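Here's the structure, in structure tokens; my notes come after.
Keep in mind the model is a prediction, meaning the values are calculated, not measured.
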Amino acid sequence: MTDTEIEITADLVRDLLREQHPDLAGLAVREVAGGWGNQMWRLGDELAVRMQRMDPTPELQLKERRWLPVLAPRLPLPVPTPVRFGEPSARFPKHWTVMTWVPGEPLDHGSISRGAHAADTLAGFLRALHVEAPADAPIARDRGAHPRNCTDGFENFLQAVALEDDLAAEVRAVWDDAVAAPAWEGPAVWVHGDLHPANVVVSEGTLSGIVDFGDMFAGDPAWDLAAAWVLLPAGAAARFFDAYARADDAAIRRARGLAAMKCLFLMLMGQNGDRGLPGGKPHWGPVGRAALDRVLKGV
């Protein structure tokens, strides 16, 4: 049995806790639906166990362990903060981390009804996050670059999703405008890097928490500003950028193109889910298509 074939069960999680953190082993363990690179288990009412599953290296978890305790105290929304470390063992040869639980419902299973409040909330969160990162902050590998350096990925998504010709031309025009936009010239700031509907939680019709910081890096904030279209309902993007108040025209152009690429990714994951492929998410297709409409309308 290979590492990726190890079945992660409630009993395994409880056994690992008994071995390494016995004071937590008596708490209830419940599986959390979703997850791919890591599998989440609810631990009691206030904690969660993040188990490395498909991620080939522990890099993402170790990054969260290192930097979330630094970032969390100054962020205005709850984020998962590591409280205990689980090390590889004979029973489970990968990393796992006990983190604080962020209450709410993932946006890909919920909705935002208070668009103005959510726009202000997201803007406030990103203003607090997007400060100059230290010299030893992680640098992005497969994201974080200017759109012009991501054209192969965009083309692959566009071809795979196979939009109607007219729609594909509109998407390509948005992308070409992002590619032509000037590059980020400010300092490298902290960037979440993976703001999509499964990585934010909502409650009472608005954003209430941000999760999964495994892709965080220091770089161009446009990668997060794309969330104005990917996460917020129609009509909220303008309010978001007014509240954020730090994005110039070039940043908005880059962000809109990156949002288009993220929407194509969501749609592709939806198609993969419809086909029963590993990692596919059938419910992401409609989410991505609705977000793409917002991108093309610029609202």
For [X] versus [Y], what's the shortest heavy-atom pair and its separation?
X      : Y      : result
Gly104 : Ser208 : CA-OG, 4.4 Å
Leu207 : Ala118 : CD1-O, 3.9 Å
Phe241 : Ala247 : CD2-CB, 3.9 Å
Gly153 : Met261 : C-SD, 4.3 Å
Phe240 : Leu122 : CE1-CG, 3.7 Å
His21  : Gly86  : NE2-N, 4.3 Å

Requested in this report: Start with the C-alpha distance between Glu185 and Arg254, add both sets of side-chain angles, then the distance that settles salt bridge (Lys or Arg N to Asp or Glu O under 4.0 Å), and finish with yes or no.
Outcome: CA-CA 13 Å; Glu185 295 183 350; Arg254 294 193 308 276; over 6 Å; no
Can you name the salt bridge (Lys or Arg N to Asp or Glu O under 4.0 Å) partners of [X], sequence neighbours left out?
X      : value
Asp165 : none
Arg143 : Asp194, Asp215
Asp249 : Arg253
Arg18  : Asp15

Got a second to check how far [X]'s [atom1] is from [Y]'s [atom2], nearest 0.5 Å?
X      : Y      : atom1 : atom2 : result
Trp41  : Gln39  : CH2   : CD    : 5.5 Å
Phe213 : Leu195 : CZ    : CG    : 7.5 Å
Arg127 : Arg246 : CZ    : CZ    : 4.0 Å
Glu204 : Ile112 : CD    : CD1   : 13.5 Å
Glu59  : His95  : CD    : NE2   : 12.0 Å
His117 : Arg239 : NE2   : CZ    : 9.5 Å

Does [X] use its side chain to pair, donor to acceptor, with the backbone of [Y] at less than 3.5 Å?
X      : Y      : answer
Arg256 : Val174 : no
Arg14  : Ala28  : no
Lys63  : Met216 : yes
Glu31  : Ala10  : no
Trp223 : Ala145 : yes
Arg30  : Gly44  : yes
His146 : Ala181 : yes

Within a strict 4.5 Å, meaning less than it, do heavy atoms of the [X] and [Y] side chains meet?
X      : Y      : answer
Val200 : Val211 : no
Arg172 : Glu155 : yes
Leu167 : Leu296 : yes
Met40  : Met51  : no
Leu264 : Leu163 : yes
Leu266 : Asp108 : no
Val191 : Asp220 : no
Phe154 : Val171 : yes

Give the cluster check for [X] versus [Y]: same hydrophobic cluster or not, with ILVMFWY residues linked at side-chain heavy-atom distances below 4.5 Å.
X      : Y      : value
Ile210 : Val189 : yes
Trp96  : Phe85  : no
Trp101 : Val201 : no
Leu24  : Leu16  : yes
Leu12  : Met99  : no

**Report entry** For Thr97, the option from Arg50, Gln61, Arg84, Glu64 that meets side-chain hydrogen bond (donor to acceptor under 3.5 Å, both in side chains)
**Finding:**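 It is Gln61, the one option of Arg50, Gln61, Arg84, Glu64 that forms the side-chain hydrogen bond (donor to acceptor under 3.5 Å, both in side chains) with Thr97.
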Query raised in the report: CG of Asp166: more than 12 outside heavy atoms within 6.0 angstrom?
Result: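 No, CG of Asp166 has 12 or fewer neighbouring heavy atoms, counting only those of other groups under 6.0 Å.
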In residues 67-81, what donor-acceptor pairs under 3.5 Å come from side-chain atoms, sequence neighbours left out?
from  : atom 1 : to     : atom 2 : distance (Å)
Arg74 : NH1    : Ala128 : O      : 2.5
Thr81 : OG1    : Val79  : O      : 3.4

Please tabulate, for the side chains in residues 224-234, all donor-acceptor contacts under 3.5 angstrom to protein atoms that are two or more places apart in sequence or on a different chain.
from   : atom 1 : to     : atom 2 : distance (Å)
Asp224 : OD1    : His192 : N      : 3.4
Asp224 : OD1    : Gly193 : N      : 2.9
Asp224 : OD2    : His130 : NE2    : 2.9
Asp224 : OD2    : His192 : N      : 2.8
Trp229 : NE1    : Val299 : O      : 3.4

Requested in this report: Please report the C-alpha distance between Asp293 and Arg289 in whole Å, then the side-chain angles of each, then the deciding distance to 0.1 Å, and finally whether the salt bridge (Lys or Arg N to Asp or Glu O under 4.0 Å) criterion is met.
Outcome: CA-CA 6 Å; Asp293 285 343; Arg289 185 64 180 84; 2.3 Å; yes
**Report entry** side chain to side chain contact (heavy atoms under 4.5 Å, CB included) evaluation trace for Leu17 with Val98
**Finding:** CA-CA 9 Å; Leu17 289 168; Val98 180; 4.2 Å; yes
